[in-house]
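Letters go in sequence order (proteins before strands), and every chain restarts at 1.
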Amino acid sequence: MLTLTGVRKTFNPGTVNEKVALAGIDLHLERGDFVTVIGGNGAGKSTMLNSIAGVFPIDSGTILLGGNDISRLPEHARARYLGRVFQDPMRGTAADMQIDENLAFAARRGKSRTLRWGISKAEREEYTEELAKLGLGLETRLSDKVGLLSGGQRQALTLLMATLQRPDLLLLDEHTAALDPKTAAKVLELTEQIVGEENLTTLMVTHNMHDAIRLGNRLIMMSDGKIIYDVRGEEKSRLHRADLMAKFEEAAGEELANDRMLLG
Amino acid sequence: MLLAFQGAVAQGVLWGIMVLGVYITFRLLDIADLTVDGSFALGGCTCAVLIVEHGVNPWLGLLAGLCVGVLAGGVTGLLHTVFDIPAILAGILTQIGLWSINLRIMGKANIPLLKNPNIFSDLGKASGLTQNIATIVIGSLVAAALVALLYWFFGTEIGSALRATGNNEDMVRALGVDIRMTKLLALMVSNGLVGLSGALVCQSQKYADVGMGTGAIIVGLAAIVIGEVLGRTLPGKLRSFSSRLIAAVVGSIVYFLIRAIVLQLGLDPNDMKLLSAIIVALALSVPVVWSRYQLKRAYSKGGVA
(Lines give C-alpha, C1' and ligand atoms only; values in the text may rest on other atoms or scores of the structure.)
Protein backbone atom coordinates (compact mmCIF):
# COMPACT_ATOMS: atom_id res chain seq x y z
CA MET A 1 0.00 0.00 0.00
CA LEU A 2 2.62 2.50 1.16
CA THR A 3 6.28 2.18 0.29
CA LEU A 4 8.97 4.60 1.41
CA THR A 5 12.38 4.08 -0.18
CA GLY A 6 15.48 5.94 0.97
CA VAL A 7 13.51 8.99 2.14
CA ARG A 8 15.80 11.71 3.44
CA LYS A 9 15.12 15.16 4.84
CA THR A 10 17.52 17.68 6.35
CA PHE A 11 16.23 20.92 7.82
CA ASN A 12 18.28 24.14 7.53
CA PRO A 13 21.11 22.50 5.55
CA GLY A 14 24.44 24.31 5.65
CA THR A 15 23.59 26.32 8.77
CA VAL A 16 24.40 25.86 12.45
CA ASN A 17 20.83 24.64 12.91
CA GLU A 18 21.28 21.82 10.40
CA LYS A 19 19.19 18.86 11.51
CA VAL A 20 19.03 15.52 9.75
CA ALA A 21 15.41 14.65 10.46
CA LEU A 22 15.10 11.60 8.20
CA ALA A 23 18.29 9.68 7.48
CA GLY A 24 17.07 7.25 4.82
CA ILE A 25 13.72 5.71 5.71
CA ASP A 26 12.65 2.43 4.13
CA LEU A 27 9.20 1.28 5.10
CA HIS A 28 6.53 -0.86 3.52
CA LEU A 29 2.94 -1.06 4.72
CA GLU A 30 0.50 -3.72 3.55
CA ARG A 31 -3.14 -2.86 2.96
CA GLY A 32 -4.93 -2.83 6.31
CA ASP A 33 -1.77 -2.49 8.39
CA PHE A 34 -2.26 -0.47 11.58
CA VAL A 35 1.22 0.67 12.54
CA THR A 36 2.09 2.54 15.73
CA VAL A 37 5.20 4.72 15.68
CA ILE A 38 7.18 5.53 18.80
CA GLY A 39 10.48 7.26 19.49
CA GLY A 40 12.02 10.06 21.51
CA ASN A 41 11.72 13.77 20.79
CA GLY A 42 13.38 14.66 17.50
CA ALA A 43 13.48 11.03 16.36
CA GLY A 44 11.72 11.98 13.11
CA LYS A 45 8.25 10.52 13.74
CA SER A 46 6.28 13.63 12.82
CA THR A 47 8.73 14.48 10.04
CA MET A 48 8.04 11.07 8.51
CA LEU A 49 4.28 11.64 8.61
CA ASN A 50 4.63 15.19 7.27
CA SER A 51 6.88 14.02 4.44
CA ILE A 52 4.20 11.50 3.43
CA ALA A 53 1.55 14.24 3.63
CA GLY A 54 3.70 16.61 1.58
CA VAL A 55 3.97 19.43 4.12
CA PHE A 56 7.50 20.03 2.77
CA PRO A 57 9.43 18.51 -0.16
CA ILE A 58 11.78 15.63 0.73
CA ASP A 59 15.46 15.82 -0.25
CA SER A 60 15.62 12.38 -1.85
CA GLY A 61 13.88 9.03 -2.01
CA THR A 62 10.46 7.96 -3.23
CA ILE A 63 7.06 7.62 -1.65
CA LEU A 64 4.64 5.24 -3.34
CA LEU A 65 1.03 5.09 -2.24
CA GLY A 66 -1.30 2.54 -3.81
CA GLY A 67 1.07 2.27 -6.78
CA ASN A 68 1.22 6.05 -7.38
CA ASP A 69 4.45 7.97 -6.92
CA ILE A 70 3.41 10.88 -4.71
CA SER A 71 6.95 11.98 -3.78
CA ARG A 72 6.69 15.29 -5.58
CA LEU A 73 3.00 16.12 -5.43
CA PRO A 74 2.01 19.27 -3.51
CA GLU A 75 0.25 18.82 -0.19
CA HIS A 76 -3.25 19.61 -1.46
CA ALA A 77 -2.90 17.14 -4.33
CA ARG A 78 -1.91 14.29 -1.99
CA ALA A 79 -4.91 15.00 0.18
CA ARG A 80 -7.15 12.85 -2.03
CA TYR A 81 -5.31 9.75 -0.78
CA LEU A 82 -4.82 10.77 2.84
CA GLY A 83 -6.85 11.27 5.99
CA ARG A 84 -5.01 13.30 8.63
CA VAL A 85 -5.52 14.12 12.28
CA PHE A 86 -3.10 16.55 13.92
CA GLN A 87 -1.88 16.81 17.51
CA ASP A 88 -3.48 20.24 17.95
CA PRO A 89 -7.28 19.88 18.01
CA MET A 90 -7.55 23.43 16.59
CA ARG A 91 -5.72 22.49 13.38
CA GLY A 92 -8.14 19.91 12.08
CA THR A 93 -11.37 21.89 11.99
CA ALA A 94 -12.64 25.36 10.99
CA ALA A 95 -13.85 27.07 14.18
CA ASP A 96 -16.15 29.64 12.55
CA MET A 97 -17.96 27.07 10.44
CA GLN A 98 -20.78 24.79 11.52
CA ILE A 99 -20.26 21.12 12.36
CA ASP A 100 -22.16 20.03 9.24
CA GLU A 101 -20.24 22.53 7.08
CA ASN A 102 -16.94 21.11 8.34
CA LEU A 103 -18.09 17.57 7.54
CA ALA A 104 -19.39 18.55 4.09
CA PHE A 105 -16.09 20.30 3.38
CA ALA A 106 -14.16 17.18 4.41
CA ALA A 107 -16.46 14.86 2.43
CA ARG A 108 -15.27 16.61 -0.74
CA ARG A 109 -11.59 15.91 -0.08
CA GLY A 110 -9.81 15.25 -3.36
CA LYS A 111 -12.90 15.92 -5.46
CA SER A 112 -13.28 18.96 -7.68
CA ARG A 113 -15.20 21.71 -5.95
CA THR A 114 -17.84 23.45 -8.03
CA LEU A 115 -20.59 26.03 -7.70
CA ARG A 116 -22.99 23.38 -6.43
CA TRP A 117 -24.41 24.09 -2.98
CA GLY A 118 -21.86 23.14 -0.31
CA ILE A 119 -24.08 20.67 1.57
CA SER A 120 -27.16 18.65 0.66
CA LYS A 121 -30.09 17.52 2.78
CA ALA A 122 -29.19 13.86 2.27
CA GLU A 123 -25.70 14.61 3.52
CA ARG A 124 -27.05 16.19 6.69
CA GLU A 125 -28.97 13.01 7.47
CA GLU A 126 -25.88 10.93 6.84
CA TYR A 127 -23.82 13.15 9.14
CA THR A 128 -26.41 12.94 11.89
CA GLU A 129 -26.05 9.16 11.75
CA GLU A 130 -22.24 9.25 11.69
CA LEU A 131 -22.07 11.76 14.56
CA ALA A 132 -24.41 9.59 16.64
CA LYS A 133 -21.88 6.75 16.34
CA LEU A 134 -19.31 8.93 18.12
CA GLY A 135 -21.54 8.93 21.20
CA LEU A 136 -20.67 12.53 22.10
CA GLY A 137 -24.11 14.03 21.58
CA LEU A 138 -22.94 16.00 18.55
CA GLU A 139 -25.75 14.62 16.35
CA THR A 140 -28.17 17.22 17.71
CA ARG A 141 -25.75 20.11 17.23
CA LEU A 142 -25.20 20.06 13.46
CA SER A 143 -25.59 23.84 13.09
CA ASP A 144 -23.32 24.72 16.02
CA LYS A 145 -20.03 26.44 15.24
CA VAL A 146 -17.12 24.05 15.79
CA GLY A 147 -15.44 26.72 17.95
CA LEU A 148 -18.00 25.91 20.65
CA LEU A 149 -16.75 22.30 21.00
CA SER A 150 -14.16 21.01 23.47
CA GLY A 151 -10.75 19.83 22.32
CA GLY A 152 -11.78 16.17 22.59
CA GLN A 153 -14.99 16.74 20.64
CA ARG A 154 -13.07 18.60 17.97
CA GLN A 155 -10.52 15.79 17.73
CA ALA A 156 -13.28 13.19 17.40
CA LEU A 157 -14.89 15.32 14.71
CA THR A 158 -11.55 15.64 12.89
CA LEU A 159 -11.21 11.85 12.99
CA LEU A 160 -14.66 11.49 11.44
CA MET A 161 -13.82 14.16 8.85
CA ALA A 162 -10.58 12.38 7.92
CA THR A 163 -12.38 9.08 7.32
CA LEU A 164 -15.74 10.29 5.96
CA GLN A 165 -14.40 9.67 2.51
CA ARG A 166 -12.33 6.50 2.82
CA PRO A 167 -8.61 7.45 2.75
CA ASP A 168 -5.99 5.10 1.29
CA LEU A 169 -3.87 5.92 4.32
CA LEU A 170 -4.78 7.45 7.67
CA LEU A 171 -2.08 9.57 9.35
CA LEU A 172 -2.52 10.18 13.08
CA ASP A 173 0.14 12.48 14.50
CA GLU A 174 -0.05 12.16 18.31
CA HIS A 175 -3.72 12.97 17.96
CA THR A 176 -4.48 12.32 21.63
CA ALA A 177 -1.40 13.97 23.16
CA ALA A 178 -3.12 17.32 23.80
CA LEU A 179 -6.16 15.76 25.50
CA ASP A 180 -6.80 14.88 29.13
CA PRO A 181 -6.43 11.13 29.89
CA LYS A 182 -10.16 10.37 29.91
CA THR A 183 -10.86 12.22 26.64
CA ALA A 184 -7.73 10.71 25.10
CA ALA A 185 -9.02 7.23 25.94
CA LYS A 186 -12.35 8.02 24.30
CA VAL A 187 -10.72 9.35 21.13
CA LEU A 188 -8.46 6.29 20.99
CA GLU A 189 -11.47 4.03 21.38
CA LEU A 190 -13.14 5.83 18.46
CA THR A 191 -9.92 5.50 16.47
CA GLU A 192 -9.91 1.73 17.03
CA GLN A 193 -13.58 1.53 16.12
CA ILE A 194 -13.30 3.51 12.88
CA VAL A 195 -10.00 1.96 11.74
CA GLY A 196 -11.38 -1.51 12.53
CA GLU A 197 -14.73 -1.05 10.79
CA GLU A 198 -13.21 0.37 7.63
CA ASN A 199 -10.05 -1.75 7.80
CA LEU A 200 -7.99 1.41 7.17
CA THR A 201 -4.26 1.39 6.56
CA THR A 202 -3.01 3.56 9.41
CA LEU A 203 0.18 5.16 10.71
CA MET A 204 -0.21 6.41 14.28
CA VAL A 205 2.50 8.34 16.09
CA THR A 206 2.20 8.17 19.87
CA HIS A 207 4.18 8.95 22.99
CA ASN A 208 2.28 6.39 24.99
CA MET A 209 4.08 3.03 24.92
CA HIS A 210 1.11 1.24 26.39
CA ASP A 211 -1.11 2.42 23.51
CA ALA A 212 1.62 1.63 20.99
CA ILE A 213 1.74 -1.98 22.18
CA ARG A 214 -2.00 -2.43 22.63
CA LEU A 215 -3.15 -0.96 19.32
CA GLY A 216 -2.41 -2.08 15.79
CA ASN A 217 -0.69 -5.09 14.28
CA ARG A 218 2.76 -3.60 13.95
CA LEU A 219 5.06 -1.26 15.86
CA ILE A 220 8.08 0.70 14.71
CA MET A 221 10.54 2.66 16.83
CA MET A 222 12.48 5.57 15.42
CA SER A 223 15.68 7.22 16.57
CA ASP A 224 17.83 9.84 14.88
CA GLY A 225 15.80 9.78 11.69
CA LYS A 226 16.02 6.00 11.26
CA ILE A 227 13.75 3.07 11.97
CA ILE A 228 15.62 1.09 14.63
CA TYR A 229 13.01 -1.48 15.57
CA ASP A 230 10.17 -3.05 13.60
CA VAL A 231 7.99 -5.71 15.14
CA ARG A 232 4.67 -7.19 14.06
CA GLY A 233 1.97 -9.78 14.63
CA GLU A 234 2.57 -12.42 17.29
CA GLU A 235 5.88 -10.98 18.35
CA LYS A 236 4.34 -7.54 18.87
CA SER A 237 1.49 -8.86 20.97
CA ARG A 238 4.05 -10.42 23.33
CA LEU A 239 5.90 -7.10 23.75
CA HIS A 240 6.13 -5.45 27.15
CA ARG A 241 6.87 -1.92 28.17
CA ALA A 242 10.16 -3.10 29.59
CA ASP A 243 11.25 -4.45 26.19
CA LEU A 244 10.58 -1.10 24.60
CA MET A 245 12.32 0.76 27.42
CA ALA A 246 15.37 -1.41 26.89
CA LYS A 247 15.31 -0.64 23.17
CA PHE A 248 14.96 3.04 23.95
CA GLU A 249 17.92 2.96 26.30
CA GLU A 250 19.96 1.04 23.78
CA ALA A 251 19.30 3.75 21.21
CA ALA A 252 19.75 6.56 23.71
CA GLY A 253 22.93 4.90 24.95
CA GLU A 254 24.49 5.21 21.53
CA GLU A 255 23.66 8.88 21.55
CA LEU A 256 25.20 9.23 25.00
CA ALA A 257 28.29 7.44 23.81
CA ASN A 258 28.50 9.82 20.87
CA ASP A 259 28.17 12.77 23.21
CA ARG A 260 30.95 11.41 25.40
CA MET A 261 33.17 11.02 22.38
CA LEU A 262 32.53 14.62 21.43
CA LEU A 263 33.22 15.86 24.93
CA GLY A 264 36.03 13.41 25.60
CA MET B 1 -30.60 69.36 6.09
CA LEU B 2 -32.91 66.56 4.93
CA LEU B 3 -31.30 66.81 1.53
CA ALA B 4 -27.88 66.35 3.10
CA PHE B 5 -29.07 63.17 4.87
CA GLN B 6 -30.63 61.83 1.66
CA GLY B 7 -27.31 62.44 -0.05
CA ALA B 8 -25.51 60.66 2.79
CA VAL B 9 -27.74 57.58 2.51
CA ALA B 10 -27.23 57.53 -1.25
CA GLN B 11 -23.44 57.71 -0.87
CA GLY B 12 -23.58 55.14 1.92
CA VAL B 13 -25.41 52.60 -0.24
CA LEU B 14 -23.00 52.97 -3.16
CA TRP B 15 -19.93 52.82 -0.94
CA GLY B 16 -21.61 49.89 0.84
CA ILE B 17 -20.86 47.77 -2.21
CA MET B 18 -17.18 48.49 -1.66
CA VAL B 19 -17.66 47.56 2.00
CA LEU B 20 -18.99 44.15 0.89
CA GLY B 21 -15.72 43.71 -0.98
CA VAL B 22 -13.64 44.72 2.03
CA TYR B 23 -15.73 42.37 4.20
CA ILE B 24 -14.63 39.39 2.06
CA THR B 25 -10.92 40.05 2.55
CA PHE B 26 -10.97 41.51 6.06
CA ARG B 27 -13.47 39.28 7.83
CA LEU B 28 -13.45 36.09 5.76
CA LEU B 29 -9.75 35.93 4.84
CA ASP B 30 -8.37 38.03 7.70
CA ILE B 31 -6.38 40.18 5.28
CA ALA B 32 -6.40 43.99 5.32
CA ASP B 33 -6.24 44.43 1.54
CA LEU B 34 -4.85 47.86 0.70
CA THR B 35 -5.43 47.30 -3.02
CA VAL B 36 -8.88 48.76 -2.32
CA ASP B 37 -7.76 52.41 -2.44
CA GLY B 38 -6.38 51.85 -5.92
CA SER B 39 -9.04 49.55 -7.32
CA PHE B 40 -11.86 51.87 -6.18
CA ALA B 41 -10.33 54.76 -8.13
CA LEU B 42 -9.52 52.38 -11.00
CA GLY B 43 -13.20 51.43 -11.31
CA GLY B 44 -14.26 55.09 -11.22
CA CYS B 45 -11.61 56.34 -13.65
CA THR B 46 -12.21 53.54 -16.15
CA CYS B 47 -15.96 54.10 -16.05
CA ALA B 48 -15.57 57.88 -16.51
CA VAL B 49 -13.22 57.59 -19.47
CA LEU B 50 -15.47 55.06 -21.20
CA ILE B 51 -18.55 57.24 -20.77
CA VAL B 52 -17.02 60.64 -21.55
CA GLU B 53 -14.50 59.80 -24.23
CA HIS B 54 -15.98 56.71 -25.84
CA GLY B 55 -19.70 57.32 -25.36
CA VAL B 56 -20.16 53.91 -23.76
CA ASN B 57 -23.50 53.01 -22.13
CA PRO B 58 -23.26 53.82 -18.38
CA TRP B 59 -24.35 50.27 -17.42
CA LEU B 60 -21.49 48.88 -19.49
CA GLY B 61 -19.28 51.39 -17.68
CA LEU B 62 -20.24 49.70 -14.41
CA LEU B 63 -19.41 46.30 -15.83
CA ALA B 64 -16.02 47.65 -16.94
CA GLY B 65 -15.41 49.00 -13.43
CA LEU B 66 -16.12 45.55 -12.04
CA CYS B 67 -13.80 43.83 -14.52
CA VAL B 68 -10.80 46.13 -13.96
CA GLY B 69 -11.32 45.71 -10.20
CA VAL B 70 -11.13 41.92 -10.65
CA LEU B 71 -7.87 42.36 -12.57
CA ALA B 72 -6.39 44.62 -9.86
CA GLY B 73 -7.32 42.04 -7.22
CA GLY B 74 -5.70 39.39 -9.39
CA VAL B 75 -2.40 41.31 -9.42
CA THR B 76 -2.36 41.56 -5.62
CA GLY B 77 -3.41 37.91 -5.42
CA LEU B 78 -0.57 36.72 -7.63
CA LEU B 79 2.01 38.81 -5.74
CA HIS B 80 0.73 37.35 -2.47
CA THR B 81 0.18 33.70 -3.42
CA VAL B 82 2.78 32.94 -6.10
CA PHE B 83 5.58 35.16 -4.79
CA ASP B 84 4.75 34.95 -1.07
CA ILE B 85 4.77 38.74 -0.60
CA PRO B 86 2.89 39.55 2.62
CA ALA B 87 -0.72 40.48 1.82
CA ILE B 88 -0.44 44.02 3.18
CA LEU B 89 2.68 44.76 1.14
CA ALA B 90 1.23 43.13 -1.99
CA GLY B 91 -1.82 45.40 -1.63
CA ILE B 92 0.33 48.51 -1.17
CA LEU B 93 2.38 47.65 -4.27
CA THR B 94 -0.74 47.28 -6.42
CA GLN B 95 -2.27 50.41 -4.94
CA ILE B 96 0.81 52.53 -5.67
CA GLY B 97 1.08 51.12 -9.18
CA LEU B 98 -2.58 51.84 -9.81
CA TRP B 99 -2.10 55.52 -9.01
CA SER B 100 0.06 55.88 -12.13
CA ILE B 101 -2.18 53.59 -14.15
CA ASN B 102 -5.26 55.63 -13.23
CA LEU B 103 -3.52 58.83 -14.35
CA ARG B 104 -2.57 57.08 -17.60
CA ILE B 105 -6.15 55.92 -18.15
CA MET B 106 -7.58 59.40 -17.67
CA GLY B 107 -4.65 61.36 -19.10
CA LYS B 108 -5.27 63.95 -16.35
CA ALA B 109 -6.09 64.05 -12.66
CA ASN B 110 -9.88 64.19 -12.99
CA ILE B 111 -12.73 63.92 -15.47
CA PRO B 112 -16.13 65.60 -14.98
CA LEU B 113 -19.25 63.76 -16.21
CA LEU B 114 -21.53 66.76 -15.91
CA LYS B 115 -22.95 66.68 -19.44
CA ASN B 116 -23.16 62.92 -19.82
CA PRO B 117 -26.20 60.87 -18.87
CA ASN B 118 -25.67 58.27 -16.14
CA ILE B 119 -27.78 55.47 -14.70
CA PHE B 120 -29.11 57.68 -11.91
CA SER B 121 -30.06 60.65 -14.10
CA ASP B 122 -31.66 58.21 -16.59
CA LEU B 123 -33.92 56.83 -13.88
CA GLY B 124 -34.57 60.33 -12.54
CA LYS B 125 -35.72 61.49 -15.97
CA ALA B 126 -37.84 58.41 -16.60
CA SER B 127 -39.61 58.47 -13.21
CA GLY B 128 -39.38 62.06 -12.02
CA LEU B 129 -37.44 61.04 -8.88
CA THR B 130 -34.78 63.38 -7.54
CA GLN B 131 -31.16 62.42 -8.12
CA ASN B 132 -30.71 61.36 -4.48
CA ILE B 133 -33.80 59.15 -4.39
CA ALA B 134 -32.91 57.63 -7.77
CA THR B 135 -29.45 56.85 -6.40
CA ILE B 136 -30.89 55.25 -3.27
CA VAL B 137 -33.31 53.13 -5.35
CA ILE B 138 -30.71 51.85 -7.80
CA GLY B 139 -28.02 51.52 -5.13
CA SER B 140 -30.32 49.50 -2.85
CA LEU B 141 -31.37 47.19 -5.67
CA VAL B 142 -27.77 46.58 -6.73
CA ALA B 143 -26.66 46.08 -3.13
CA ALA B 144 -29.53 43.67 -2.41
CA ALA B 145 -28.75 41.68 -5.55
CA LEU B 146 -25.07 41.49 -4.57
CA VAL B 147 -25.84 40.41 -1.00
CA ALA B 148 -28.03 37.62 -2.43
CA LEU B 149 -25.32 36.66 -4.92
CA LEU B 150 -22.60 36.60 -2.26
CA TYR B 151 -24.82 34.61 0.10
CA TRP B 152 -25.29 32.02 -2.62
CA PHE B 153 -21.62 32.03 -3.63
CA PHE B 154 -20.28 31.52 -0.11
CA GLY B 155 -22.68 28.63 0.37
CA THR B 156 -21.33 26.73 -2.64
CA GLU B 157 -18.47 24.24 -2.50
CA ILE B 158 -16.00 26.83 -3.79
CA GLY B 159 -17.36 29.54 -1.49
CA SER B 160 -17.09 27.19 1.51
CA ALA B 161 -13.46 26.62 0.58
CA LEU B 162 -12.89 30.41 0.66
CA ARG B 163 -14.46 30.71 4.10
CA ALA B 164 -12.50 27.73 5.39
CA THR B 165 -9.25 29.25 4.08
CA GLY B 166 -9.73 32.27 6.31
CA ASN B 167 -10.42 29.94 9.22
CA ASN B 168 -7.74 27.30 9.05
CA GLU B 169 -5.25 27.02 6.20
CA ASP B 170 -3.72 23.79 7.51
CA MET B 171 -7.09 22.07 7.44
CA VAL B 172 -7.92 23.38 3.99
CA ARG B 173 -4.66 22.04 2.52
CA ALA B 174 -5.11 18.72 4.31
CA LEU B 175 -8.56 18.43 2.75
CA GLY B 176 -7.26 18.93 -0.76
CA VAL B 177 -7.75 22.61 -1.58
CA ASP B 178 -4.94 24.79 -2.93
CA ILE B 179 -5.11 27.86 -0.69
CA ARG B 180 -3.30 29.93 -3.34
CA MET B 181 -6.34 29.48 -5.57
CA THR B 182 -8.86 30.35 -2.88
CA LYS B 183 -6.97 33.47 -1.79
CA LEU B 184 -6.51 34.63 -5.37
CA LEU B 185 -10.20 34.11 -6.07
CA ALA B 186 -11.26 35.95 -2.91
CA LEU B 187 -9.06 38.95 -3.74
CA MET B 188 -10.46 39.06 -7.27
CA VAL B 189 -14.10 38.88 -6.15
CA SER B 190 -13.45 41.46 -3.44
CA ASN B 191 -11.77 43.99 -5.71
CA GLY B 192 -14.36 43.40 -8.42
CA LEU B 193 -16.99 44.68 -5.98
CA VAL B 194 -14.72 47.58 -5.05
CA GLY B 195 -14.22 48.53 -8.71
CA LEU B 196 -17.98 48.34 -9.32
CA SER B 197 -18.56 50.57 -6.31
CA GLY B 198 -16.00 53.08 -7.65
CA ALA B 199 -17.84 53.18 -11.00
CA LEU B 200 -21.19 53.73 -9.26
CA VAL B 201 -19.78 56.51 -7.07
CA CYS B 202 -18.18 58.22 -10.08
CA GLN B 203 -21.52 58.28 -11.91
CA SER B 204 -23.35 59.52 -8.83
CA GLN B 205 -20.91 62.33 -7.96
CA LYS B 206 -20.49 63.13 -11.67
CA TYR B 207 -16.72 63.13 -11.73
CA ALA B 208 -13.81 60.75 -11.41
CA ASP B 209 -10.66 61.77 -9.61
CA VAL B 210 -7.34 59.96 -9.27
CA GLY B 211 -7.56 60.50 -5.51
CA MET B 212 -11.17 59.33 -5.10
CA GLY B 213 -10.09 56.04 -3.52
CA THR B 214 -7.70 57.50 -0.98
CA GLY B 215 -8.59 56.15 2.43
CA ALA B 216 -11.28 53.86 1.02
CA ILE B 217 -9.96 50.92 3.04
CA ILE B 218 -10.44 52.90 6.26
CA VAL B 219 -14.00 53.80 5.25
CA GLY B 220 -14.57 50.09 4.56
CA LEU B 221 -13.16 48.93 7.89
CA ALA B 222 -15.03 51.63 9.82
CA ALA B 223 -18.29 50.67 8.10
CA ILE B 224 -17.78 46.97 8.90
CA VAL B 225 -17.06 47.78 12.54
CA ILE B 226 -20.09 50.10 12.85
CA GLY B 227 -22.32 47.49 11.19
CA GLU B 228 -21.11 44.80 13.60
CA VAL B 229 -21.60 46.95 16.67
CA LEU B 230 -25.14 47.82 15.57
CA GLY B 231 -25.86 44.26 14.52
CA ARG B 232 -24.94 42.80 17.89
CA THR B 233 -27.71 44.80 19.52
CA LEU B 234 -30.24 42.92 17.35
CA PRO B 235 -31.83 39.70 18.65
CA GLY B 236 -30.11 37.60 15.94
CA LYS B 237 -26.66 38.96 16.99
CA LEU B 238 -25.43 38.59 13.40
CA ARG B 239 -25.16 34.83 13.59
CA SER B 240 -26.33 34.24 10.03
CA PHE B 241 -24.03 35.02 7.16
CA SER B 242 -26.60 37.07 5.24
CA SER B 243 -27.19 39.31 8.27
CA ARG B 244 -23.45 40.04 8.42
CA LEU B 245 -23.40 41.08 4.77
CA ILE B 246 -26.42 43.32 5.27
CA ALA B 247 -24.79 44.78 8.40
CA ALA B 248 -21.77 45.75 6.28
CA VAL B 249 -23.95 47.79 3.90
CA VAL B 250 -25.95 49.30 6.76
CA GLY B 251 -22.67 50.17 8.50
CA SER B 252 -21.64 52.08 5.40
CA ILE B 253 -24.91 54.06 5.37
CA VAL B 254 -24.51 54.89 9.07
CA TYR B 255 -20.91 55.92 8.47
CA PHE B 256 -21.96 58.44 5.83
CA LEU B 257 -24.82 59.67 8.04
CA ILE B 258 -22.36 60.28 10.90
CA ARG B 259 -20.16 62.07 8.42
CA ALA B 260 -23.04 64.27 7.28
CA ILE B 261 -23.91 65.10 10.88
CA VAL B 262 -20.41 66.08 11.92
CA LEU B 263 -20.03 68.13 8.75
CA GLN B 264 -23.31 69.92 9.59
CA LEU B 265 -21.86 70.59 13.03
CA GLY B 266 -19.06 72.46 11.31
CA LEU B 267 -16.28 69.89 11.28
CA ASP B 268 -13.63 70.38 8.61
CA PRO B 269 -14.24 67.62 5.96
CA ASN B 270 -10.50 66.98 5.94
CA ASP B 271 -10.71 65.83 9.57
CA MET B 272 -13.12 63.03 8.61
CA LYS B 273 -10.28 60.64 7.76
CA LEU B 274 -8.76 61.15 11.21
CA LEU B 275 -12.13 60.45 12.78
CA SER B 276 -12.48 57.27 10.69
CA ALA B 277 -9.01 56.10 11.68
CA ILE B 278 -9.82 56.67 15.35
CA ILE B 279 -13.11 54.73 15.02
CA VAL B 280 -11.32 51.75 13.47
CA ALA B 281 -8.40 51.87 15.93
CA LEU B 282 -10.82 51.97 18.86
CA ALA B 283 -12.97 49.18 17.47
CA LEU B 284 -9.94 46.93 17.00
CA SER B 285 -8.27 47.75 20.32
CA VAL B 286 -11.23 47.81 22.71
CA PRO B 287 -11.87 44.02 22.57
CA VAL B 288 -8.15 43.34 23.17
CA VAL B 289 -7.92 45.67 26.15
CA TRP B 290 -11.21 44.33 27.50
CA SER B 291 -10.11 40.68 27.42
CA ARG B 292 -6.78 41.61 29.02
CA TYR B 293 -8.68 43.41 31.78
CA GLN B 294 -10.94 40.38 32.25
CA LEU B 295 -7.91 38.11 32.58
CA LYS B 296 -6.32 40.36 35.18
CA ARG B 297 -9.56 40.61 37.11
CA ALA B 298 -9.95 36.83 37.08
CA TYR B 299 -6.72 36.46 39.06
CA SER B 300 -7.15 35.80 42.74
CA LYS B 301 -4.28 35.35 45.13
CA GLY B 302 -5.72 32.55 47.19
CA GLY B 303 -6.41 30.12 44.33
CA VAL B 304 -10.05 29.31 43.60
CA ALA B 305 -12.09 32.43 44.21
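Heavy-atom contacts from other residues, nucleotides or ligands closer than 6.0 Å to CZ of Arg166(A) number more than 12. Other residues, nucleotides and ligands contribute only 12 or fewer heavy atoms inside 6.0 Å of the CZ atom of Arg180(B). Within 6.0 Å of atom CZ in Arg141(A), more than 12 heavy atoms from other residues, nucleotides or ligands are found, so the atom counts as buried in its surroundings. Few gaps surround CG on Asn68(A); more than 12 heavy atoms of other groups in view lie less than 6.0 Å from it. Atom CZ of Phe241(B) sits in a crowded spot, with more than 12 heavy atoms from other residues, nucleotides or ligands closer than 6.0 Å. Around CD of Glu129(A), the count of heavy atoms belonging to other residues, nucleotides or ligands within 6.0 Å does not exceed 12.
At a threshold of 4.5 Å between non-hydrogen side-chain atoms, the residues Asp178(B) and His76(A) count as touching.
Ionic pairing of Lys111(A) and Glu157(B) is not present here: no N-O contact between side-chain nitrogen and carboxylate oxygen is shorter than 4.0 angstrom.
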| task | Applying side-chain contact (heavy atoms from CB on, under 4.5 Å), run through Thr156(B) and Arg113(A) and close with a yes or a no. | result | CA-CA 9 Å; Thr156(B) 64; Arg113(A) 291 171 203 259; over 6 Å; no

| task | Carefully, step by step, assess Arg91(A) and Asp170(B) under the rule side-chain contact (heavy atoms from CB on, under 4.5 Å). | result | CA-CA 6 Å; Arg91(A) 270 181 78 193; Asp170(B) 285 331; 3.0 Å; yes

| request: Go through Met171(B) and Asn102(A) one step at a time and tell me if the side-chain contact (heavy atoms from CB on, under 4.5 Å) criterion holds. | output: CA-CA 10 Å; Met171(B) 177 196 89; Asn102(A) 270 273; 3.8 Å; yes

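Heavy-atom distances place no part of Ala77(A) under 4.5 Å from chain B, backbone and side chain included. Proximity to chain B involves both the backbone and the side chain of Ala95(A), based on heavy atoms less than 4.5 angstrom apart. Only the side chain of Glu101(A) has a heavy atom closer than 4.5 Å to any heavy atom of chain B. Neither the backbone nor the side chain of Thr158(A) comes within contact range of chain B, judged by heavy atoms closer than 4.5 Å. The part of Phe153(B) that comes within reach of chain A is its side chain, from C-beta onward, which places non-hydrogen atoms under 4.5 angstrom from that chain.
Among the candidates Ile119(A), Thr114(A), Leu171(A), the residue making the largest number of heavy-atom pairs closer than 4.5 Å to chain B is Thr114(A).
The CG atom of Leu175(B) sits 12.0 Å away from the CZ atom of Arg108(A) when rounded to the nearest 0.5 Å. A distance of 6.5 Å separates CG of Asn167(B) from CE of Met97(A), quoted to the nearest 0.5 Å. Note that the CZ atom of Arg116(A) and the OG atom of Ser160(B) stand 12.0 Å from one another [nearest 0.5 Å].
Distance alone, capped at 3.5 Å, is enough to place a donor-acceptor pair between the Asn168(B) side chain and the Met90(A) backbone.
Of all heavy-atom pairs spanning Trp152(B) and Trp117(A), the tightest one is O-CZ3, 3.3 Å. Annotation for Ala164(B) and Phe105(A): closest pair CB-CZ, 4.0 Å, computed over non-hydrogen atoms. The nearest pair of heavy atoms linking Arg173(B) to Ala79(A) is O-CB, 3.7 Å.
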